[in-house]
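Throughout, protein chains are lettered first and strands after them, A, B, ... in sequence-line order, and every chain is numbered starting at 1.
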Amino acid sequence: MHDIKALRDNPDLFDQLWAKRGLEPQSKKILDQDALIRKAGQVVQEAEAARNKSSKLIGAAMAKGDKEEAERLKQEVAGAKNVIAAMGAQVESEKTILQDRLAGLPNVPFADVPEGEDEDSNVELHKHGTPKNFDFKPKDHADLGEALGMMDFEAAAKMSGARFVVLSGALSRLDRALAAFMLDLQTGENGYTETTPPFLVWDKALYGTGQLPKFEEDLYKTTGDHYLIPTAEVSLTNIVRESILDADSLPRRMTAHTPCFRSEAGSAGRDTKGMIRQHQFNKVELVSIVKPEQSEAEHKRMLGCAEEVLKRLKLPYRVVELCTGDLGFGARRTFDIEVWLPSQDTYREISSCSNCGDFQARRMNARYKYAEKDNRFVHTLNGSGLAVGRTLVAILENYQNADGSITVPDALLPYMGGVTLIK
RNA sequence: GGAUAGGUGGCUGAGUGGUUGAAAGCACCGGUCUUGAAAACCGGCGUGGGUUAACGCCCACCGGGGGUUCGAAUCCCUCCCUGUCCGCCA
């Protein structure tokens with residue numbers, strides 16, 4: 001959501017920033033409608049003032065027993081009410097149109113975000129680690145997992161269809177070990193508070209974080225009023241919705257290990273094999289609620305917290321900054337972490353860390369006490385720390401041996417109950 | 001799922017149709033008093049929006065939405081939430 005006042009003050013700046021994301025100029029339409037609404041709104045308010053005034057006089061007239069005067073005043077009120085009804089309805093419908101228009105517009109990027117149309121213009125910031133040279137042809141994770149007898153796509157397909165998997169044995173254990181390792185790192189060393197939020201949320205929560213109204217087709221909806229969360233970003237960020245936070249409580253850092261549910265509409269044919277793109281996957285999410293002046297530094301910090309997981313697992317990765325055309329709906333700046341996958345001979349996204357500025361805060365009405373009588377919107381950030389399924393994929397592929405066994409990374413040994421080699 | 005009681009300002013809590021945006025207390029802020037503090041006393045103290053150079057004026061808001069009425073915190077409908085009892089259940 002955008003600040004209509006800021007838009008009134010700097011319409012050209014907004015259009016300029018939206019243009020970087022490939023949008024047509026929006027400000028004029030919005031401001032014209034805004035002016036219309038305010039003008040009509042004034043008429044309504046004046047009518048309301050007249051109605052209120054006359055109504056109070058009616059009370060006084062009745063008290064005095066002046067029925068005639070009361071009747072005359074009632075006529076006045078009736079006239080005012082006609083205006084209120086007619087103009088009021090118009091104002092309301094115009095407001096709804098304006099709200100919908102504003103709600104459908106993406107966040108504006110920071111001025112120094114690299115410009116570009118799509119992911120080809122993303123900028124690599126740095127690399128870490130060196131891809132291992134295998135003296136055999138590395139297999140992909142799906143082949144490895146199936147050969148181990150611990151990754152069953154067929155069984156999952158029979159009950160749930162494509163893009164599901166059944167893990168078992170040591171791979172299930174590995175999945176759990178990864179989540180525990182990530183949570184321990186983020187809570188024990190990086191200051192995030194472990195949180196167990198709802199996995200089912202109302203539409204307004206999704207609206208708050210920006211998945212709605214534009215991306216409904218990506219979500220699973222229950223037969224009731226709930227949606228399954230596509231990421232714990234939704235649950236964690238909405239924890240502060242409709243509240244005024246104590247300034248001293250910021251930054252507030254939360255992490256949660258949750259399943260994520262995505263319909264993957266529109267991605268048919270992509271990553272059809274294996275666990276890269278599933279309808280259901282687990283993720284350890286990081287969310288920070290901060291003061292505006294803290295958000296840029298917090299963003300880098302969060303990126304570091306996510307990177308640390310890969311460093312300790314000794315997985316090669318690189319960090320890219322998304323260009324304006326590749327930014328998500330709510331983000332002002334995003335860093336993606338991509339892990340090396342030998343089978344694909346390339347880096348694949350395993351984490352995405354975004355600074356949303358006050359975009360989500362406005363939609364959620366989440367503020368903090370800046371001063372006496374001055375509440376300001378917080379900034380919100382979210383990032384994966386990390387996607388557990390894709391991390392499991394990366395470990396299988398990077399730690400595979402010629403015989404198809406998987407060496408357990410040192411960092412996970414404390415979580416694997418004595419298992420050092422998966423075979 | 002059934003029955004029942006509720007949802008009022010940061011908190012507690014009055015208020016069942018007419019200057020009520022809302023008593024009172026607590027908390028908080030300013031002041032008097034005091035060497036200082038406490039106590040006491042005096043004053044202030046909700047949010048959002050419109051308008052104005054400013055003072056100010058106006059509108060909306062008593063869980064959300066809708067309705068009745070000249071007028072609603074107060075009456076009606078509906079949804080959400082909370083408490084209690086029953087049923088069911090991991």
Cation-aromatic face contact A:R363/A:Y207, 6.0 Å, 45 degrees: yes
Distance-only donor-acceptor check, side chains A:E194 and A:T187, under 3.5 Å: no
P atoms of B:rU78 and B:rC26, separation to the nearest Å: 42 Å
Distance-only donor-acceptor check, side chains A:S263 and A:D218, under 3.5 Å: no
Side-chain donor-acceptor contact under 3.5 Å, A:S295 with A:N355: yes
5′-ward residue of the pair A:K74/A:K5 relative to RNA chain B: A:K5
Inter-nucleotide C1' distance (B:rA73, B:rU84), Å rounded: 25 Å
Interatomic distance at P, B:rG64 relative to B:rG9, whole Å: 10 Å
Whole angstrom value for the distance that separates P of B:rG48 from CZ of A:R362: 12 Å
Between C1' of B:rU69 and NZ of A:K56, the distance in whole Å: 17 Å
Between A:T324 and A:E115, a side-chain donor and acceptor under 3.5 Å: no
Touch class at under 4.0 angstrom, heavy-atom based, for A:R367 against every strand present: sugar-phosphate
Separation of atom CD in A:E76 from atom C1' in B:rG71, rounded to whole Å: 14 Å
No-hydrogen, no-angle side-chain donor-acceptor test under 3.5 Å, A:Y317 and A:E338: no
Residues A:E298, A:R252: salt bridge by 4.0 Å N-O rule: no
Can you name the atoms? Protein N/O to nucleotides 73-82 of chain B N/O, anything below 3.5 Å, with the distance.
none

Any-strand Watson-Crick or G-U partner of B:rG21, both distances under 3.5 Å: none
Side-chain donor or acceptor of A:Q75 paired with backbone N/O of A:R72 under 3.5 Å: no
Closest-nucleotide 5' rank along RNA chain B - winner of A:A78 and A:I244: A:I244
Sugar-phosphate only, base, or nothing, as touched by A:I58 at under 4.0 Å among non-hydrogen atoms: base
Contact letters for nucleotides 55-67 of chain B, in which S counts primed atoms plus P, OP1 and OP2 and B counts the base, heavy atoms under 4.0 Å: ---BSS-------
A:K81 side chain near B:rG71 phosphate (N/O to OP1/OP2, under 4.0 Å): yes
Watson-Crick or G-U counterpart of B:rU35, or none if no pair lies under 3.5 Å: none
Watson-Crick or G-U wobble mate for B:rU82, both contacts under 3.5 Å: B:rA5
B:rG65 versus B:rU12 - spacing of their C1' atoms, nearest Å: 29 Å
Integer angstrom distance from the C1' of B:rG7 to that of B:rU74: 15 Å
Distance-only side-chain donor-acceptor flag, A:Q99 / A:T96, under 3.5 Å: no
Atom-to-atom span, CG of A:L245 to P of B:rG10 - whole angstrom: 15 Å
Same-atom distance (P) from B:rG56 to B:rG17, integer angstrom: 36 Å
B:rC57 - base-pair partner by Watson-Crick or wobble geometry, distances under 3.5 Å: B:rG50
SB check A:R333 A:E296 (cutoff 4.0 Å): yes
Distance between P atoms of B:rA23 and B:rU8 (Å, rounded): 15 Å
A:T258/A:N282 under side-chain contact (heavy atoms from CB on, under 4.5 Å): CA gap, chis, key distance, verdict: CA-CA 6 Å; A:T258 74; A:N282 292 324; over 6 Å; no
Pull out every protein N or O sitting under 3.5 Å from an N or O of nucleotides 51-53 of chain B, one pair per line with the distance.
unit_1, atom_1, unit_2, atom_2, d
B:rU51, OP1, A:R38, NH1, 3.3
B:rU51, OP2, A:R38, NH1, 3.4

Whole-Å P distance, B:rG15 and B:rC70: 28 Å
Enclosure of A:D225 CG (heavy-atom neighbours >12, cutoff 6.0 Å): no
Counter-base of B:rG43, judged by Watson-Crick or G-U geometry with both distances under 3.5 Å: B:rC29
Whole-Å distance separating the CG atom of A:L73 from the P atom of B:rG18: 18 Å
Test item: side-chain donor near acceptor, A:T255 and A:Q186, under 3.5 Å: no
Whole-Å distance separating the CG atom of A:L57 from the P atom of B:rU19: 13 Å
